Visitor: 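Got a structure here, written out as structure tokens. Questions coming.
Given the structure is predicted, the values throughout are model-derived calculations rather than measurements. The chains referred to below are lettered A, B, ... by the order of the sequence lines, with proteins before strands, and numbering in each begins at 1.
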Amino acid sequence: MRWSVSEYSKALQYYSEYPEVLVEATDDAVLELIRFCETENEKKLLDSMMSDFSKNILNEDEANKYIMQMAREIGQKNYPRDTTAIVAMGFDTEVDGSQEVLNQLKVPLAINKVFFKTTETRFAFIERLHKKGIRHFIVVDDFIGSGKTVRSRYNKFLSWGYNDSSIDFFFLAGMNKAMSFCKNYGIPAHCALKMRKALSGNYEREDLLWRIRAMRSLESKLAPQVGDTLLKDNNFGYNHAEALYCRKYGNIPNSVFPIFWWKQYKDGSPRSPLFVRVQHGY
Amino acid sequence: MDINPIYENLISDLVSSENGLPPYSLYQKYQIQPSKLASFLTELMDKGLVRLDGDVIVATQEGKDAFKESVHKSEIKEKESSSTYYKSIQIAKRIKVNEPYMPSVVAIYNILQGREKETSSKE
């Protein structure tokens with residue numbers, strides 16, 4: 001693809017100022033995104049989002065810092081060693097970020113002298129653990145976007161009817177709104193890195209309105225469906241999470257605005273997004 | 001300072017340009033993609049060798065000195081390696097230094113005989 005003067009200058013600015021955001025991106029993807037923003041407001045919106053996004057790309061050191069914080073918070077709960085298990089939030093057989101965090105927590109927990117009976121890689125294994133005498137379940141995941149997945153897990157736990165057991169959810173990162181949602185629903189949830197919604201959490205009135213309009217206009221240029229995944233479920237991020245967050249070289253959460261990861265244009269032609277999302281049915 | 005050979009021409013342009021160069025001109029001339037140019041410029045700026053003057057890349061005095069030295073070194077290297085004379089001399093069987101060597105009388109006789117034949121046939 002051939003660059004114009006302004007496109008080249010904009011790309012150079014992005015690469016120089018926000019290299020963390022473009023760590024997975026090809027030059028073609030950057031050019032496509034620059035061309036994708038046609039109006040002045042769309043261009044302004046992209047500029048401000050790139051700046052905000054760059055603050056929330058977690059590199060390994062930063063992620064370790066928050067994982068250590070998770071470990072300390074878990075330790076402060078003083079769960080009994082012999083009847084407590086740490087469980088990844090992933091439910092089905094697909095590997096996800098919850099198992100990654102579970103594994104990464106093992107050493108920080110040991111450093112904080114926090115030891116438990118066992119770790120389990122599937123939420124569904126809780127039933128089996130309960131039969132073995134485990135009564136306290138610490139469920140971990142890498143990200144909480146809207147709180148809906150946590151609610152469904154919590155409801156599942158309640159449906160098992162364990163009157164003698166407790167459950168707590170711990171997240172590496174997540175949205176403030178999702179944490180409020182959990183609190184209102186009575187779900188015991190904790191999050192190491194809490195973030196505000198990128199648009200409605202940071203702007204008001206006219207400043208917010210033009211941004212919403214510009215984002216709607218941008219999302220209207222994307223394919224309404226890719227595989228089994230519907231754009232309408234992911235407008236402004238899954239369940240309108242409005243997240244701008246990703247772990248460096250990690251799988252971008254669907255809570256992030258789809259303009260950064262949606263892989264088809266409205267006409268069905270392929271699109272090179274800045275981030276690659278790996279998801280069953282997408 | 002070691003510089004990737006790909007960027008030597010680009011640096012040479014920067015050093016020879018008094019008022020600096022806009023990045024796009026480097027793209028037009030060398031087809032260098034923005035990701036590559038950005039990481040290259042970041043490295044040079046971190047070392048204080050170039051700076052951005054508005055939208056123009058300018059080599060600093062420190063940069064000019066470092067680049068000149070680097071270009072000079074690469075010229076010397078090129079001169080040293082440009083002659084192929086010695087490389088073209090191939091000795092099939094070398095003898096080591098101070099290794100005893102006995103010339104073959106038969107071989108010398110044959111060579112001399114051959115020369116004699118050549119001179120007599122020419123006459």
Side-chain angles (χ1 to χ4, degrees), chain A residues 1-38 40 42-44 46-55 57 59-61 246 248-249 252 259-261 270-276, chain B residues 1-68 70-71:
Chain A
M1 290 213 268
R2 184 105 193 126
W3 298 81
S4 72
V5 181
S6 61
E7 288 163 354
Y8 194 86
S9 163
K10 181 57 72 182
L12 203 58
Q13 180 203 337
Y14 286 165
Y15 274 113
S16 307
E17 292 178 17
Y18 318 121
E20 312 85 4
V21 185
L22 304 181
V23 75
E24 290 177 30
T26 60
D27 285 288
D28 284 351
V30 176
L31 181 54
E32 274 192 52
L33 185 61
I34 290 168
R35 287 184 181 168
F36 189 65
C37 300
E38 294 166 295
E40 278 311 306
E42 288 170 2
K43 287 174 188 172
K44 264 167 59 186
L46 180 62
D47 280 349
S48 73
M49 291 185 99
M50 290 293 283
S51 170
D52 293 341
F53 210 161
S54 68
K55 293 163 196 156
I57 303 286
N59 63 30
E60 205 182 333
D61 285 344
C246 191
K248 201 171 178 181
Y249 296 112
I252 188 163
I259 62 161
F260 293 104
W261 55 273
R271 179 171 181 261
S272 306
L274 289 196
F275 294 88
V276 174
Chain B
M1 187 184 132
D2 290 327
I3 297 169
N4 187 328
I6 299 166
Y7 297 111
E8 278 185 5
N9 291 336
L10 192 151
I11 283 169
S12 173
D13 286 356
L14 274 178
V15 172
S16 56
S17 147
E18 270 188 32
N19 300 319
L21 292 169
Y24 194 71
S25 70
L26 298 172
Y27 165 66
Q28 283 180 310
K29 194 167 178 184
Y30 300 109
Q31 281 75 52
I32 183 166
Q33 291 297 307
S35 57
K36 295 274 186 297
L37 185 60
S39 60
F40 181 57
L41 287 180
T42 304
E43 191 187 332
L44 294 185
M45 283 197 281
D46 287 348
K47 290 176 182 168
L49 303 177
V50 299
R51 63 184 163 80
L52 278 177
D53 195 352
D55 287 340
V56 176
I57 308 162
V58 184
T60 61
Q61 192 53 51
E62 192 186 342
K64 283 181 181 175
D65 295 343
F67 296 147
K68 275 176 191 163
S70 151
V71 171

Visitor: Select one option (side chain, backbone, both, neither) describing which atoms of A/S4 are under 4.5 Å from chain B's heavy atoms.
Guide: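 When you check distances to chain B, only backbone atoms of A/S4 fall under 4.5 Å.
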
Visitor: Looking at A/R35 and A/E7, does any basic side-chain N land under 4.0 Å from a carboxylate oxygen?
Guide: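 Yes, A/R35 and A/E7 are salt-bridged.
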
Visitor: State plainly whether the residues A/E40 and A/K44 are in salt-bridge range, i.e. N to O under 4.0 Å.
Guide: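 No, no charged N to carboxylate O under 4.0 Å.
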
Visitor: Out of A/Y249, A/W261, A/F53, which residue meets the ring pair (Phe, Tyr, Trp, His ring centres under 6.0 Å) rule with A/F275?
Guide: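 Among A/Y249, A/W261, A/F53, the one that satisfies the ring pair (Phe, Tyr, Trp, His ring centres under 6.0 Å) with A/F275 is A/F53.
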
Visitor: Among B/S35, B/P23, B/S39, single out the residue with the greatest number of heavy-atom pairs under 4.5 Å to chain A.
Guide: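 Of B/S35, B/P23, B/S39, B/S35 has the most heavy-atom pairs under 4.5 Å with chain A.
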
Visitor: Under 4.5 Å from any heavy atom of chain A, what part of B/I32 do you find: side chain, backbone, both or neither?
Guide: both

Visitor: When only pairs under 4.5 Å are counted, which of B/M45, B/Q33, B/Q31, B/K36 shares the most heavy-atom pairs with chain A?
Guide: B/Q33

Visitor: Over all heavy atoms of both residues, which pair between A/I34 and A/W3 is shortest? Give the atoms and the distance, please.
Guide: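 Scanning both residues, the minimum pair turns out to be CD1-CZ3, 4.4 Å.
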
